[in-house]
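The first residue of the sequence shown is numbered 1, and numbering continues consecutively from there.
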Amino acid sequence: MLNRSFIAALLALSAAHAHAIQTVEYGWEDGRGTILGGFGNLVDASNVTGAQTGSTGSGSYGVPGAHSGDRFLHVAEAPHSGTPQAYLAMVGGLVSGDVVTASFFGYDLSAGGSPSLRIWAHYADSADIASYLGSAGGNDAFTDGSGWSEVGHQWTFDNAAADALVIEARLYSSPATDATARSDYWIDSLRVSAPDTAHIATAAAVPEPRGYAMLLAGLGMIGLTAARRSRR
Ligand SMILES: [Ca+2]
Ligand SMILES: [Ca+2]
């Protein structure tokens, strides 16, 4: 027979480990956000809408538009060198055993060859997006070349020296190194899940508080009134 203190201890233990899961989705729909940071020859991060054309490294290709909504992310590798990384999200406040899941869609028309994207992550200090405390690995699968395709991975946090995971889109261009080549990439529909004790940051633009917008509108009205008065 189980004694009461043992049952109480079990309940306390299960409560301590039963974190609710939060999910953040970001599809670049604010029209302003891009990335949190990057590594390597990552250039021209921009928030775009509508059909886009770019370079495959040796030719050109285009994307008809966003995977979700109207807006999406563009980045490029120029010139080709190593494996550039676009930092799409940072999950801070993590402790050992926390599970983080992330995915995004990348646009790819070259099945089985570059340009292609993968999802990866590294450990970091949540106070500094530029900190690097080792690779956390990722999914070996590339975007599949069918147009918009999803890449995703799940990590179990296990680095006592770090408290954050930075979610990366890794760019794979061909040739891997070329002093004059450029490759363009498009990304959309980012999704990140983590325990609700963690903090998930994306490049989402912080909306202007409603009160601030109303204050600005009010000042505009006062300015207009003053202008009308001064003309009299
Ligand atoms: Ca979108
Ligand atoms: Ca490809």
Side-chain angles (χ1 to χ4, degrees), residues 16-17 19-28 30 32-47 72-78 80-106 116-143 150-173 176 183 185-207:
H17 287 78
H19 295 317
I21 298 296
Q22 60 173 323
T23 298
V24 168
E25 294 182 339
Y26 182 50
W28 286 271
D30 55 73
R32 290 192 289 152
T34 55
I35 57 176
L36 292 175
F39 175 83
N41 289 5
L42 186 86
V43 299
D44 298 343
S46 51
N47 186 307
F72 54 116
L73 172 67
H74 162 263
V75 291
E77 175 178 8
H80 289 185
S81 178
T83 306
Q85 306 163 11
Y87 300 166
L88 302 184
M90 180 161 74
V91 186
L94 294 171
V95 297
S96 282
D98 282 352
V99 174
V100 175
T101 306
S103 59
F104 64 81
F105 280 75
S116 302
L117 294 146
R118 288 207 290 200
I119 189 167
W120 219 256
H122 64 265
Y123 297 105
D125 175 345
S126 62
D128 180 9
I129 184 67
S131 59
Y132 180 86
L133 298 172
S135 177
N139 194 325
D140 289 337
F142 293 96
T143 43
E150 189 173 31
V151 286
H153 195 62
Q154 186 170 86
W155 296 263
T156 300
F157 198 78
D158 61 351
N159 186 330
D163 74 337
L165 204 59
V166 175
I167 309 298
E168 315 161 358
R170 290 194 162 201
L171 316 184
Y172 295 87
S173 305
S183 289
Y185 296 85
W186 297 283
I187 292 167
D188 201 358
S189 307
L190 171 68
R191 186 181 168 94
V192 182
S193 296
D196 62 4
T197 47
H199 177 251
I200 301 173
T202 68
V206 178

Value rounded to 0.5 Å, distance of [atom1] in [X] from [atom2] in [Y]:
X: Arg32; Y: Ser46; atom1: CZ; atom2: OG; answer: 15.5 Å
X: Ser81; Y: Asn41; atom1: OG; atom2: CG; answer: 5.0 Å
X: Ile119; Y: Asp140; atom1: CD1; atom2: CG; answer: 12.5 Å
X: His74; Y: Asp188; atom1: NE2; atom2: CG; answer: 14.0 Å
X: Ile35; Y: Ile187; atom1: CD1; atom2: CD1; answer: 8.5 Å

Please verify the inter-ring angle class for Tyr172 with Phe142; under 30° counts as parallel, over 60° as perpendicular, anything in between as tilted.
perpendicular

Under 3.5 Å, side chain of [X] to main-chain N/O of [Y], donor-acceptor pair present?
X: Trp155; Y: Gly137; result: yes
X: Asn47; Y: Gly33; result: yes
X: Ser173; Y: His80; result: no
X: His153; Y: Trp120; result: no
X: Arg170; Y: Gln85; result: no
X: Ser126; Y: Asp163; result: no
X: Asp196; Y: Gln22; result: no

Between [X] and [Y], which heavy-atom pair has the shortest distance, and what is it?
X: Ser116; Y: Thr143; value: CA-OG1, 3.6 Å
X: Ala198; Y: Val91; value: CB-CG1, 3.9 Å
X: Ala176; Y: Glu77; value: O-OE2, 4.3 Å
X: Asn159; Y: Leu133; value: ND2-O, 3.3 Å
X: Ala86; Y: Val75; value: CB-CG1, 4.4 Å
X: Val166; Y: Ala124; value: CG2-CB, 3.8 Å

Counting C-beta onward and ignoring hydrogens, is there a side-chain heavy-atom pair between [X] and [Y] closer than 4.5 Å?
X: Thr197; Y: Val95; result: no
X: Gln154; Y: Val99; result: yes
X: Thr202; Y: Leu88; result: no
X: Arg118; Y: Asn139; result: no
X: Glu168; Y: Tyr87; result: yes
X: Leu117; Y: Leu171; result: yes

Set out, in order, the CA-CA distance, both residues' side-chain angles and the distance that settles ring pair (Phe, Tyr, Trp, His ring centres under 6.0 Å) for Tyr123 and Phe157, then state yes or no.
CA-CA 9 Å; Tyr123 297 105; Phe157 198 78; 5.4 Å; yes

Any chance the rings of Phe104 and Tyr26 have centres within less than 6.0 Å?
no

